[in-house]
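Notes follow once the structure below has been shown.
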Amino acid sequence: MSSKNAVKIKFFNGEDIPLELHKVRVVQKLNLVSIERRLEALNEGGFNTFRLNTRDVFLDMLTDSGTNAMSDMQVSAMMHADDAYAGSQSFFRLQKAVEDVLRKKYLLPVHQGRAAENILSCAYIKKKGDLIPMNYHFTTALAHITQYGGRIVELLHDEAYNIASSCPFKGNMHVEKLEEVIRETGAENIPFIRLEASTNLIGGQPFSIQNMREVRNVADRYGLRIVLDASLLGENAYLIIQREPEFKDASMSEVISIITGLADIVYFSARKLSSSRGGGICTNDLTIYRELEALVPLFEGFLTYGGISVREIEAMAVGLYETLDESMICQSPTFISYLVNSLTDNGVPMVTPPGVLGAHVDAMQVCAHIPQNQYPAGSLAAAFFLISGIRGMERGSISNQRDENGNETYADMELLRLAVPRRVFTLSQIKYVIDRMSWLYQNRSLIGGLKFVYEPPVLRFFMGGLDPVSDWPQRLIAKFKEDFGDSL
Ligand SMILES: *Cc1c(COP(=O)(O)O)cnc(C)c1O
């Protein structure tokens, strides 16, 4: 499985471009509709890229969730799935994969990552105000914790909030602050410490093994458990091999097993980790397994399917093994790195160093003229779709939730995330992204703000509806036509 050499490919002419290490065997045709149609689509979808219909989307860079390309091995595994309510062979193959790859014996299958968050929050948040320290929140993790009356505290280093940085591990937890928080709060009011691999919302930024060891030390000193959100574990492990000198010659398998070995509970969304559907919670501790066991049939389904189809379970098992293949896992980070570096060269403010999952544009700078209460990142996402047909995702204040008094809580960062799912896009498509984003950056003064016209109380970013605050979309279209003529 280990194929380190495949990752280092140099071009004789000195070009530094990522190379696809796979070939295309099944394709899906894309549509690039006119800019007028794209404006209609935005109007129909409340200027919220989540609400667009894919028939209007050219490159779908909304998310990597469930959109990574499947391998031929995964698709063929789906054909020999064992349909059974209980005791399915597919489940035991998945359990074996979890044991081999994540090195955890006990597996509780769930239908996706947030279902694991629901079960963990339900089981361990015992009283109102219980505190979960974490490196940084993920939207669904936060929503479930607060739903059960818990609170969170985020313990990144200040450097993590610097958009342009050369810090290799912006996802590291501040261990001194962690210890302070535990002493102030009392370990009895802390159900667990949550560590997220490749910290999603700050730009897909990894933590180091050194840092996780330090967090483990603190946890042990206070008798606390560590819960690892391993949804983006493969890429975090890949970046550890790239960036943490101690592990430069280590294999993916070694790095992954060290990380999961430092956690008491590992949960994941298989939509990211193994490019299928589903998710899981796993542990080597039978007590923990027993504490959670009853909740799977309650919320998900019987313990050998957890709300996932057996076909997806088979794909998940194969996908977990494929996560150990460095020549596969390098694909998304190397394309992201190319995208980030090219946009940076063109002056576009990007989150650096390049992380995983996608390229992150700093909307706070691009749309410096748009106040945070008019959602700079949401505005940039809408404007970018309008001029390119590329769908990104707002990761800024729209993705935040209001506080208990109903006030806005503005995000630390206003980002437009352009996801680069594994093995989905070609280099010329990435070049199109660079071209259109660079044009938009030059014309950024034409982008205007947004206001809510429909605001759901929970996870508002999914279904919320917004309107532009002025006729800025029409002005942007006029400039586009001036520069691109009749080009789509
Ligand atoms: C996507 C994601 C989740 C939630 O997983 P779903 O399968 O979408 O429910 C949780 N944590 C992280 C870090 C994620 O990226």
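Counting convention: from 1, in listed order, for ligands and their atoms alike. Given the structure is predicted, the values throughout are model-derived calculations rather than measurements.
Checked by distance only, ligand 1 and Y267 stay at 3.5 Å or farther apart across all their nitrogen or oxygen atoms. In terms of polar-atom proximity, N200 is counted as a contact of ligand 1, with an N or O under 3.5 Å from an N or O of the ligand. Here's the thing with G113: one of its N/O atoms is less than 3.5 angstrom from an N/O atom of ligand 1. Checking only distances, R194 never comes within under 3.5 Å of ligand 1, N or O to N or O. Close N/O approach between E196 and ligand 1 is not found [any backbone or side-chain N/O within under 3.5 Å].
Near E117, meaning under 4.0 Å from one of its heavy atoms, ligand 1 places the atoms 10 (C), 11 (N). The contact set between ligand 1 and R114, taken as ligand atoms under 4.0 Å from a residue heavy atom, comprises 4 (C), 5 (O), 6 (P), 8 (O), 9 (O). Close approach of ligand 1 to S269 is summarised as follows: ligand atoms under 4.0 Å from at least one heavy atom of the residue are 5 (O), 6 (P), 7 (O). Of all the atoms in ligand 1, the ones that sit under 4.0 Å from a non-hydrogen atom of K272 are 1 (C), 2 (C), 3 (C), 14 (C), 15 (O).
Heavy atoms of other residues, nucleotides or ligands lying less than 6.0 angstrom from CZ of R311 number 12 at most.
Under 4.0 Å is where a charged nitrogen must lie from a carboxylate oxygen, and between E99 and K105 no such pair does. Ionic pairing of R290 and D285 is not present here: no N-O contact between side-chain nitrogen and carboxylate oxygen is shorter than 4.0 angstrom. Using a 4.0 Å cut-off between charged nitrogen and carboxylate oxygen, D229 and R194 count as a salt-bridge pair. A salt bridge is defined here as a Lys NZ or Arg NE, NH1 or NH2 lying under 4.0 Å from an Asp or Glu carboxylate O, and D130 with K126 fails to meet this definition. E394 and R460 are not joined by a salt bridge, as no carboxylate oxygen comes within less than 4.0 angstrom of a charged side-chain nitrogen. Of the charged side-chain nitrogens involved, none lies within less than 4.0 Å of a carboxylate oxygen, so that K177 and E180 do not count as a salt-bridged pair.
Contact annotation: the side chain of N48 never approaches that of F462 to less than 4.5 Å [non-hydrogen atoms, C-beta and beyond]. The shortest side-chain heavy-atom distance between L120 and I125 does not fall under the 4.5 Å cut-off.
Contact annotation: for R271 versus ligand 1, heavy atoms closer than 4.0 Å belong to the side chain alone.
At the shortest separation from atom 3 (C) of ligand 1 among protein heavy atoms lies F138 CE2, 3.4 Å. Scanning the protein heavy atoms around atom 4 (C) of ligand 1, the nearest turns out to be T140 OG1, 3.7 Å. Given atom 11 (N) of ligand 1, the protein heavy atom at minimum distance is D229 OD2, 2.6 Å.
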